[in-house]
Amino acid sequence: MAKKKSRLDFIRMKKEGEQVAWVTAYDFPTASFAEQAGMDMLLVGDSLGMVVLGYHGTIPVTMDDCIRHCQAVRRGAPNTFCIGDMPFMSYQISDEDAVYNAGRFLKEADMDAVKLEGGRRVLTRIKAIADAGILVMGHIGLTPQSSGVLGGFKAQGRDPESARDLIEDAIAIQDAGAWALLLEAVPPELSQFLTKKLEIPVYSIGAGGPCDGQLLICGDMLGLFQAFTPKFVKKYANVAEIEINAFKEYVNDVKTGKFPTDDHCYHILADRAEEYKRMLEEYM
Ligand code: KIV
């Protein structure tokens, strides 16, 4: 069993050019499979709203939803560095709210760190959480909680002005005390620049190869989430197809009497068979 990584391991990996592989997980089995596969870290993303809870976006996800799923992930992956994603309205109102809710992820769900979306506009939140002794990861570029403001789920930083904005955000996030930064859906040129410029690890989801590691949403990479697949996703399996086919076969087996067979049944204790038969006969 590999030892759970710490912030220092991720800093060393950045220095040594070793890529970090991570995915989202929301439940016990996925977390356990990811840990068995040697994943470096896990994010319990608020994408659980879409991937698991069936919402159209992440906005309805609550702190209690996140805590419940983080607890399941921790039970499934006790030896993996796990990050809890702060849902909409858990940090937008005040620094106090942000610290309180970040603390819940550690106290109630044994997470190692938290992540929140936004750049300079959430700087005091990042600083307050970091000052409370909690590892906090920044997240800029396409930030799903503000997709309304961004005009949809669109790539960011594709022109010099918006790229400059993201560079200013990234530097400010590092200076505020974040331990790492996640870039979502930005050009690889910008990711490469920021990965070299910043001392903290810089990770990519849809931000190309030249980062310190890659994140994918498990529902996308496993082919579980059917609504849409972003351009940056590589699909490693089609679990939806496997599940649908298995369910179809089961329905057919039940309806045609192929399931259950004798092999799937519990049998009467061999030395009580006669007695058992007599007991049933009493009720005839
Ligand atoms: O909720 C999530 O899974 C995320 C990723 C999109 C980075 O925040």
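What you see is a predicted model, and the numbers here were worked out from it, not measured in a lab. When a ligand or atom number is given, it counts from 1 through the structure's own listing order.
Which parts of ligand 1 touch H139 is read off a 4.0 Å heavy-atom cut-off, strictly below it: atoms 7 (C), 8 (O). The I217 neighbourhood of ligand 1 comprises atoms 3 (O), 6 (C), with distances under 4.0 Å to a heavy atom of that residue. Residue contact check: T24 has heavy atoms under 4.0 Å from atoms 3 (O) of ligand 1. Here is the list of ligand 1 atoms found below 4.0 Å of a heavy atom in G45: 1 (O), 2 (C), 3 (O). Ligand-side atoms of ligand 1 in range of L182: 7 (C), range being under 4.0 angstrom from any heavy atom.
Under a 3.5 Å cut-off, the side chain of S191 and the backbone N or O of P187 do form a donor-acceptor pair. Judged by distance alone, the side chain of E16 and the main-chain N or O of K14 form no donor-acceptor pair under 3.5 Å. Side-chain N or O atoms of D112 include one that pairs as donor or acceptor with a backbone N or O of C82 at under 3.5 Å.
Of the inter-residue distances, the one linking R272 atom CZ with M279 atom CE reads 9.5 Å to the nearest 0.5 angstrom.
Protein heavy atom closest to atom 2 (C) of ligand 1, with residue, atom name and distance, is S47 OG, 3.3 Å.
The N/O atoms of D46, backbone and side chain alike, include one that comes under 3.5 Å of an N/O atom in ligand 1. Distances between N or O atoms of K115 and those of ligand 1 include at least one value under 3.5 Å. Residue E184 places no N or O, backbone or side chain, under 3.5 Å from any N or O of ligand 1.
Taking only non-hydrogen atoms, the option from V23, D85, V44 nearest to atom 4 (C) of ligand 1 is D85.
Proximity of K154 to L142: side-chain heavy atoms (C-beta onward) are nowhere separated by under 4.5 Å.
For F88 and Y91, the ring centers sit 6.0 Å or farther from each other.
Applying the side-chain contact (heavy atoms from CB on, under 4.5 Å) criterion to D169, with sequence neighbours excluded, gives R120, I140, L166. The ring pair (Phe, Tyr, Trp, His ring centres under 6.0 Å) test applied to W22 returns Y203, not counting sequence neighbours.
At least one heavy atom of L215 lies less than 4.0 angstrom from ligand 1.
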